[in-house]
Amino acid sequence: MEDIIKTDKRFGFGLMRLPLTNPNDEGSIDIEQMKQMVDMFIANGFTYFDTAYMYCKYKSESAVKEALTSRYPRDSYTLTTKLHANYIKTKDDPDKIFNEQLEKTGVDFFDYYLIHNIGRDHYKKFTELDCFEWLKAKKAAGLVKHIGFSFHDSADILDKVLSEHPEMEFVQIQLNYLDWDSLSIQSAKCLEVCRKYNKPVFVMEPLKGGVLVKNVPEKAKEIFRSVRPDMSIPSWGYRFAASQDGVRLVLSGMSSLEQMEENISFMKEFEPLSEKEEAAVKEAVDIIIDSIAVPCTGCSYCTPGCPKNIPIPKYFSLYNAEMLELEEKKWTAQQDFYGRLSQEFGRAGDCIGCGQCERICPQHIHIIDMLKKVSARFDA
């Protein structure tokens with residue numbers, strides 16, 4: 001397949017966490033500051049802009065028209081938007097949303113279009129409503145140049161989607177150094193599946209929504225600084241993601257001109273991680289993991305005899321990731337992962353306290369009590 005991202009590595013402007021005039025109102029986009037950010041982004045040779053129907057209280061796409069498409073010629077940027085399962089109920093709904101998106105963004109076509117947030121639940125709905133055929137038709141009509149999907153689920157589900165839909169040209173996955181070996185999010189395994197099918201990968205959440213900036217322990221920061229004192233803490237997340245074979249684009253949701261300037265400083269002349277830097281990342285991850293809530297190693301000794309079929313290690317992995325999230329975040333990827341797992345397995349709140357898991361746990365974790373905490377976090 002022709003590589004849809006021509007250069008080796010590219011940097012994308014994610015339009016979900018835009019500058020706001022009121023920090024308590026996600027829809028209060030600071031258009032003037034956004035214009036400055038767009039200008040800086042394009043002036044430094046970057047072109048990829050990523051929005052979606054529901055971003056910024058449904059105002060991100062309109063902001064694109066104000067800050068970008070009404071101010072720059074069409075061949076100077078590439079624009080991406082998405083179709084989310086929550087907003088469609090009939091086979092007519094995707095067209096209604098698509099036409100609204102064209103009008104709001106002020107373009108005649110989209111360079112990239114994603115079926116958004118695929119997991120086992122949404123995949124069923126998208127399939128029933130023929131959304132994959134619908135998107136292929138949009139490409140055939142010239143209304144979309146490249147078609148793909150974003151993904152939040154396990155690697156086996158990703159393999160199923162790609163095996164059934166080889167027409168999809170690229171995949172957007174959550175990938176960062178903390179989720180790399182996660183039992184639940186499975187960044188590394190999902191990347192391997194994309195490589196298996198020779199699909200270019202676009203990366204979302206390289207900083208895990210800010211977690212790998214604000215919640216990195218000082219000891220881990222010291223490791224990064226000792227190796228590259230000239231690189232900021234956020235730069236490690238972006239460069240880790242962009243250094244992976246198969247990754248063609250790394251998205252950044254930037255909410256200030258200062259963040260834009262900093263990110264351009266190390267992505268304009270991208271420098272992959274060296275072996276020494278890769279070792280530093282692994283060491284930092286160990287430190288971060290040591291600070292998490294449940295010391296589960298994922299051995300899964302606890303699961304075979306569970307009378308409620310609860311995937312205990314996977315739930316603990318999600319809970320640990322959730323406990324590192326910023327308190328002000330209203331949505332996290334872990335919530336989606338938990339919801340999808342609980343369709344196939346027992347929920348944490350289903351635990352009957354039989355204790356067989358605790359008797360066999362080599363880490364001597366108080367699993368029953370921890371499942372109550374997991375349930376309180378996710379089942380509500």
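Excluded from the calculations below are hydrogen atoms, water molecules and symmetry mates; all remaining heavy atoms, backbone and side chain alike, are included.
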Item to complete: Check whether the side chains of Asn263 and Ser252 place a donor and an acceptor atom closer than 3.5 Å, and report yes or no.
Response: yes

Distance alone, cut at 3.5 Å: any donor-acceptor contact between the side chains of Glu164 and Tyr123? yes

Item checked: Charged N-O contact under 4.0 Å between Glu133 and Lys136 -> yes

Notebook entry, point to check: Any ion pair linking Lys219 and Glu283 (charged N to carboxylate O, less than 4.0 Å)?
Noted result: no

Ion pair check, Lys57 and Asp25, cut-off under 4.0 Å: yes

The salt bridge (charged side-chain N to carboxylate O under 4.0 Å, His left out) partners of Asp92 (sequence neighbours excluded) come to none

Test your reading of the model: is there a side-chain donor-acceptor pair from Thr21 to the backbone of Asp30, 3.5 Å cut-off?
no

Give a yes or no on whether a salt bridge exists between Asp111 and Arg74, defined as a side-chain N under 4.0 angstrom from a carboxylate O.
yes

Could you check Lys208 against Asn176 for side-chain hydrogen bond (donor to acceptor under 3.5 Å, both in side chains), going step by step and ending with a plain yes or no? CA-CA 7 Å; Lys208 202 170 173 64; Asn176 56 70; 5.2 Å; no

For the pair Gln101 (side chain) and Lys82 (backbone), establish whether a donor and an acceptor sit closer than 3.5 Å, ignoring hydrogens and angles. yes

Centre of Tyr53's six-membered ring, under 6.0 Å away, within 45 degrees of the axis: is that where NZ or CZ of Lys104 sits? yes

Between Ile312 and Cys302 the two heavy atoms that sit nearest each other are CB-SG, 3.6 Å

List the atom pairs, donor and acceptor, that lie under 3.5 Å between side-chain atoms in residues 187-194 and the rest of the protein, sequence neighbours left out.
from   : atom 1 : to     : atom 2 : distance (Å)
Ser187 : OG     : Gln174 : O      : 2.8
Ser187 : OG     : Asp179 : O      : 3.4
Glu192 : OE2    : Arg195 : NH1    : 2.3

**Asked** So, do Phe98 and Phe110 have ring centers that fall under 6.0 Å from each other?
**Response** yes

### Residues Glu169, Lys199: salt bridge by 4.0 Å N-O rule
no

Connected to Ile223, directly or through other members, by ILVMFWY side-chain contacts below 4.5 Å are Ile287

**Asked** Under 4.0 Å between a Lys/Arg side-chain N and an Asp/Glu carboxylate O for Arg17 and Glu26?
**Response** no

Output for pair (Gln186 CD, Asp156 CG), nearest 0.5 Å, gives 7.0 Å

Which of Tyr77, Phe11, Tyr112 passes ring pair (Phe, Tyr, Trp, His ring centres under 6.0 Å) with Tyr48? Answer is Tyr112

side-chain contact (heavy atoms from CB on, under 4.5 Å) with Leu79: of Thr47, Asp50, Val64, only one passes, and it is Val64

Nearest heavy-atom approach of Gln356 to Cys306 is NE2-N, 3.4 Å

Check: Without hydrogens or angle criteria, can the side chains of Gln33 and Ser256 be said to hold a donor-acceptor pair below 3.5 Å?
Finding: no

Between Ser342 and Tyr315, the two heavy atoms sitting closest are CA-OH, 3.5 Å

Report whether Met260 and Tyr238 are members of the same hydrophobic cluster (ILVMFWY, side-chain heavy atoms less than 4.5 Å apart, transitive linking). yes

Value for NZ (Lys160) from NE2 (His165), rounded to nearest 0.5 Å, stands at 8.5 Å

| Is there a donor-acceptor contact under 3.5 Å from the side chain of Ser70 to the main chain of Lys65? | yes

Residue set satisfying salt bridge (charged side-chain N to carboxylate O under 4.0 Å, His left out) with Lys282, at least two apart, ordered chain then number -> none

I'd like to know if the side chain of Glu261 and the backbone of Leu257 have a donor-acceptor N/O pair within less than 3.5 Å. no

Exercise. Within the distance-only criterion (no hydrogens, no angle test), does the side chain of Asn44 pair as donor or acceptor with the backbone N or O of Met40 below 3.5 angstrom?
Worked result: yes

Taken in chain and number order and not counting sequence neighbours, the residues that satisfy ring pair (Phe, Tyr, Trp, His ring centres under 6.0 Å) with Phe378 are Tyr338

query = Between Ser60 and Thr51, do the side chains contain an N or O donor and an N or O acceptor separated by less than 3.5 Å?
reply = yes

Exercise. Judged by modelled atom types alone, do Arg228 and Ser235 share a side-chain donor-acceptor pair under 3.5 Å?
Worked result: no

Exercise. Check the pair Phe170 / Phe149 against ring pair (Phe, Tyr, Trp, His ring centres under 6.0 Å), numbers first and verdict last.
Key: CA-CA 7 Å; Phe170 65 99; Phe149 62 92; 8.3 Å; no

Worksheet item: Do you see a donor-acceptor pair shorter than 3.5 Å between the side chains of Thr69 and Thr105?
Response: no

Heavy-atom closest pair (Thr303 atom, Ile310 atom, distance to 0.1 Å) is CG2-O, 3.8 Å

- Task: Look only at the side chain of Arg239 and the backbone of Met231, and say whether a donor-acceptor pair between them is shorter than 3.5 Å.
- Result: no

With no hydrogens and no angle check, do the side chains of Tyr72 and Asp39 hold a donor and an acceptor under 3.5 Å apart? yes

The side-chain hydrogen bond (donor to acceptor under 3.5 Å, both in side chains) partners of Ser375 (sequence neighbours excluded) come to Asp379

Would a line drawn from the ring center of His122 to the ring center of His84 be shorter than 6.0 Å?
yes

